[in-house]
Amino acid sequence: MRKTILAILLALPMTIFAQKIGHVNTAIVVEGMSEYTALKAEVETLKKQFSDEIQRKQTDIQTKADAYEKEKANLSETLRAYREQELQKAYEEYQQFVQTSDGELQKVYQAKMATIQEKMMGAVKEVGEAEGFSYVLDAASIPFIGATATDITDKVKAKLGVK
């Protein structure tokens, strides 16, 4: 009985060191995915649309401000106050649109990026299980990768059909 326990205790560290460890560069994998390319194009299109609308609103505010400055001296106190309120309201709407558009861009990006990462992580898991790895780590978050760790980035890319 003692010899059996001693043999188990001696063998235990060897089994720990015998674990296969892999690493994958997830950034490279994601950048190569067609879904990521489509996401970047969609975000750029939205940015352009929002930027055009912001520019239009800025021009509209500037036009109203210039017109107000030209006729301000000839306006009654009531009309002057009304135009100032109009300008203030237009500026507040502009600021709100800028914030809303930024939030919308982030929301679209995060939602689609979560789907992309989920797909990529599924491929990492499948490759890791197929290759018999105990651990697969993201290469970007590892300060040191030893010679015994295996890079599975290319296998994950192949699993996803990424070149």
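If you're wondering where the values come from, they're calculated on a predicted model, not measured in any experiment.
- At least one side-chain heavy atom of M113 sits under 4.5 Å from a side-chain heavy atom of Y36.
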Listed pairs under 3.5 Å, donor-acceptor, residues 25-35 side chains, sequence neighbours left out:
from, atom 1, to, atom 2, distance (Å)
N25, OD1, A27, N, 3.3
N25, OD1, I28, N, 3.4
T26, OG1, D138, OD1, 3.2
T26, OG1, D138, OD2, 2.8
E35, OE2, K119, NZ, 2.3

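- What you find for T153 and V24 is that their closest heavy atoms are OG1-CA, 3.4 Å.
- In this structure, OH on Y109 lies 9.0 Å from NZ on K40, to the nearest 0.5 angstrom.
- Atom CD in E84 sits 10.5 Å away from atom CG in L79 (nearest 0.5 Å).
- Of all the heavy atoms in S101 and I54, the pair that sits closest is OG-CD1, 4.0 Å.
- Put simply, the side chain of Q95 reaches to within 4.5 Å of the side chain of Y91, judged on heavy atoms.
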Would you check, one step at a time, whether the test side-chain contact (heavy atoms from CB on, under 4.5 Å) holds for E42 with V108? CA-CA 9 Å; E42 182 179 349; V108 166; 3.7 Å; yes
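- Residues K155 and E131 have side chains in contact (heavy-atom distance under 4.5 Å, counting atoms from C-beta outward).
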Let's go through E93 and K89 carefully: what are the C-alpha distance in whole Å and the side-chain angles of both, what is the deciding distance for side-chain contact (heavy atoms from CB on, under 4.5 Å) to 0.1 Å, and is it a yes or a no? CA-CA 6 Å; E93 288 174 359; K89 183 179 176 187; 3.3 Å; yes
Worked check of salt bridge (Lys or Arg N to Asp or Glu O under 4.0 Å) between D66 and K70: CA-CA 6 Å; D66 291 345; K70 286 179 184 175; over 6 Å; no
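- At a threshold of 4.5 Å between non-hydrogen side-chain atoms, the residues L75 and Y82 do not count as touching.
- Residues satisfying the side-chain hydrogen bond (donor to acceptor under 3.5 Å, both in side chains) test with E104, not counting sequence neighbours, are none.
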Between R80 and Y68, does the side-chain contact (heavy atoms from CB on, under 4.5 Å) criterion hold? Intermediate values first, please. CA-CA 8 Å; R80 194 176 310 138; Y68 171 72; 2.9 Å; yes
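- In this structure, S141 and P143 approach most closely via the heavy-atom pair O-CD, 3.7 Å.
- Distance check: Q117 CD to K112 NZ gives 15.0 Å after rounding to the nearest 0.5 Å.
- If you take CD on Q58 and CZ on F97, they are separated by 11.0 Å, rounding to the nearest 0.5 Å.
- With no hydrogens or angles considered, a side-chain donor-acceptor pair links E92 and Q88 at under 3.5 Å.
- Under the 6.0 Å distance and 45° angle rule, K20 counts as a cation-pi partner of F133.
- Distance check, rounded to the nearest 0.5 Å: CG of L46 to NZ of K107 gives 11.5 Å.
- Residues A139 and H23 come closest through the heavy atom pair CB-ND1, 4.0 Å.
- Separation of atoms NZ (K48) and OG1 (T45) is listed at 10.5 Å; rounding is to 0.5 Å.
- Linking ILVMFWY residues whenever their side-chain heavy atoms come closer than 4.5 Å, directly or via other members, leaves I142 and M121 in distinct clusters.
- Side chains of D102 and Q106: a donor-acceptor N/O pair is absent below 3.5 angstrom, by distance only.
- Contact detail for G128 and V136: the closest heavy-atom pair is CA-CG2, 4.0 Å.
- Side chain of K159 to main chain of V127: no donor-acceptor pair is present (N/O by atom type, distance under 3.5 Å, no hydrogens or angles).
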Starting from the C-alpha separation in whole Å, work towards a yes-or-no answer on side-chain contact (heavy atoms from CB on, under 4.5 Å) for I21 and S134. CA-CA 6 Å; I21 298 174; S134 300; 5.6 Å; no
